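First comes the structure, then the notes that go with it.
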Amino acid sequence: MANIFQITDFLHPLDLGLLSHDEGYREGQVGKSIRVYDGEFPDLEEADLVLVGCGEARGHAAGHPDPSGPDAIRHQFYSLYYWHPDVRLADVGNIRQGASLQDTYAALRTVVAELLEAGKTVIILGGSHDLTLAQYEAYKSLNRIIEVTGIDALINLATDSPQKSQHFLMEMLTGEPNFIRHYNHIGFQSYFVHPHMLETMDKLRFDCFRLGHVKEYMDEMEPVIRNSNMVTIDMDAIQYAAAPSNYTSPNGLNGEEACTLTRYCGMSPELSSIGIYGYDLGSDLQQLTAKQIAQMIWYFVDGRHKGLTEALLHDRENFFEFHTAFAEVDTIFMQSKKTGRWWMQLPNRQFIACSYQDYLQASSNEIPERWLRAQERS
């Protein structure tokens, strides 16, 4: 953990008095238990989840970084009650503003990479959605090949836009060398996406799930996220009623659905970073969006607590094992006795996350689409 102290050069410590509005936090609230960088850097040795704020917004418009955005989210999160003391929390403050957008990217990348290398799961409070690039580059700097899931109303491949936040995915998905094994996109709204763009994503074997499909088959998103190492969320994916700072669309995920997805993120044993971007304090109403994000983080912690109870796949006595065949392919499905989650075996004998629906399809001699897509990418 020695190198972890070097990241303080890139961070602003927090003022707990300002965060709590000088009222302090009650016993049992997150703010009473979380280890915070408020002058002295916290001991991260036992921390499981580490928060870092980055209010950088120059990639979205001609605006300026707003460090108060992440702090508004923190205040709401710290005010929630802390149900899972077995999931230990820390907060290392806010990324210092760089002279340029690239400088801020570099600072965020460095901080996230150091935390990942120390074995921490990182929660990033953004800032505009293009900060996803810095989040990804942290893995790239560590030479880690990863699976990424984005949750957004748009697919940010608009190379004709001057805003980095509108086309950062192009650089992330096509840049060389590339460390993305697979990309999933959850919750896109069709009227915002050119059909040819979706065709391109399909040719690349990336999986994209329309908003209506996500709402109807929410359970099917859990295996998608369980296979992911990194998740990036744009608050534009959430409907205006639940996140008033979102002025992209009146439609989207509702508040409960957004919390369900972040709970799935927390349950994933593979996931090591999640970024929640697109919060604009200036356009928020009574900090309702900040409260929504705070509750999404709370459910992420809840998911991590749930995930801690999961057994390892090689611990076979904790799983129900089902041997089945479809299209002349023999395979094995495993269901956890502890959480009820499913896995299926590929021909290379590796297991991937799947759902009960995949098992039912295989039992009916149909090839599960999830299995087929995984084979196409292998």
Side-chain angles (χ1 to χ4, degrees), residues 1-20 25 29-56 65-80 82 84-85 87-98 103-127 131-139 141-142 230-233 262 265-266 271-277 279 290 293-294 296-298 300-301 304:
M1 295 291 290
N3 290 339
I4 211 75
F5 292 101
Q6 297 176 6
I7 66 176
T8 56
D9 293 340
F10 304 101
L11 294 165
H12 273 300
L14 302 173
D15 186 328
L16 279 178
L18 289 176
L19 280 178
S20 64
Y25 293 105
Q29 290 180 320
V30 171
K32 274 287 189 179
S33 302
I34 191 168
R35 299 178 181 185
V36 175
Y37 180 28
D38 60 346
E40 183 177 343
F41 198 76
D43 180 4
L44 301 183
E45 190 69 41
E46 296 184 356
D48 300 304
L49 308 180
V50 180
L51 276 71
V52 57
C54 186
E56 177 67 75
D66 183 5
S68 57
D71 286 352
I73 298 168
R74 281 187 177 94
H75 172 62
Q76 299 300 334
F77 177 58
Y78 285 12
S79 300
L80 302 178
Y82 185 43
H84 306 303
V87 182
R88 294 157 297 189
L89 307 175
D91 191 330
V92 296
N94 293 317
I95 297 294
R96 293 180 183 273
Q97 175 187 344
D103 290 337
T104 304
Y105 283 169
L108 181 58
R109 180 191 68 229
T110 301
V111 170
V112 173
E114 289 288 353
L115 293 170
L116 291 175
E117 195 167 29
K120 308 305 172 186
T121 298
V122 186
I123 303 171
I124 304 166
L125 310 178
L131 292 175
T132 300
L133 272 177
Q135 184 184 355
Y136 160 64
E137 286 170 357
Y139 292 92
S141 70
L142 298 173
M230 166 183 152
V231 168
T232 171
I233 301 174
T262 53
C265 292
L271 192 138
S272 52
S273 77
I274 179 172
I276 303 177
Y277 304 107
Y279 175 58
I293 297 172
M296 289 163 63
I297 299 169
W298 191 95
F300 181 86
V301 177
R304 182 52 54 96

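The first residue in the sequence is number 1, and the count goes up from there. Computed from a prediction, not measured in an experiment: that's the story for all the values here.
- When each of L89, L125, I123, I293 is tested with F77 by the rule side chain to side chain contact (heavy atoms under 4.5 Å, CB included), just one qualifies, namely L89.
- With I274 as reference, T262 is the one residue of I297, T121, T262, I124 to meet the side chain to side chain contact (heavy atoms under 4.5 Å, CB included) rule.
- Using a distance-only test at 3.5 Å, with no hydrogens or angles considered, no donor-acceptor pair links the side chain of Q97 to the main chain of G55.
- How far CZ of F10 is from CG of D103: 10.0 Å, rounded to the nearest 0.5 Å.
- To the nearest 0.5 Å, the span separating CG on N94 from CG on L108 amounts to 11.0 Å.
- For Y277, the ring-ring contact (aromatic ring centres under 6.0 Å, His included) test picks out H129, with sequence neighbours left out.
- Considering only heavy atoms from C-beta on, R35 stays 4.5 Å or farther from R88 through its side chain.
- With sequence neighbours excluded, the residues satisfying ring-ring contact (aromatic ring centres under 6.0 Å, His included) with Y78 are Y25.
- Interatomic distance, OG of S79 versus CH2 of W298, reported as 14.5 Å (0.5 Å rounding).
- S273 places no side-chain N or O within donor-acceptor distance of the main-chain N or O of M230, the cut-off being under 3.5 Å.
- K120 approaches A47 most closely through the heavy-atom pair NZ-O, 2.9 Å.
- We find that R304 and D48 are not joined by a salt bridge, their nearest charged nitrogen and carboxylate oxygen being 4.0 Å or further apart.
- Not a single salt bridge (Lys or Arg N to Asp or Glu O under 4.0 Å) links R96 to another residue, sequence neighbours left out.
- Atom CD of E137 is separated from atom CG of L131 by 11.0 Å, given to the nearest 0.5 angstrom.
- Closest heavy-atom contact between Y139 and S272: OH-OG, 2.7 Å.
- Pairing each heavy atom of A113 with each of S141, the nearest pair is CB-OG, 3.6 Å.
- Using a 4.5 Å cut-off on side-chain heavy atoms (C-beta onward), V52 and L11 make contact.
- Side-chain contact between L115 and L44: present, with at least one pair of heavy atoms (C-beta onward) separated by less than 4.5 Å.
- Judged purely by distance below 3.5 Å, without hydrogens or angles, the side chains of T232 and Y136 never pair a donor atom with an acceptor atom.
- The shortest non-hydrogen separation linking C54 to T104 is SG-CG2, 3.7 Å.
- Listed for the R74 side chain is a donor-acceptor partner under 3.5 Å among the backbone atoms of G93.
- If you take CG on D91 and CG on D38, they are separated by 9.5 Å, rounding to the nearest 0.5 Å.
- Closest heavy-atom contact between P13 and G39: CB-N, 3.8 Å.
- None of V92, I7, L142 except one satisfies the side chain to side chain contact (heavy atoms under 4.5 Å, CB included) rule with E114; the exception is I7.
- Atom CZ of residue F300 and atom CG of residue L271 lie 5.5 Å apart, to the nearest 0.5 angstrom.
- The heavy-atom pair separating I95 from A107 by the smallest distance is CG2-CB, 3.8 Å.
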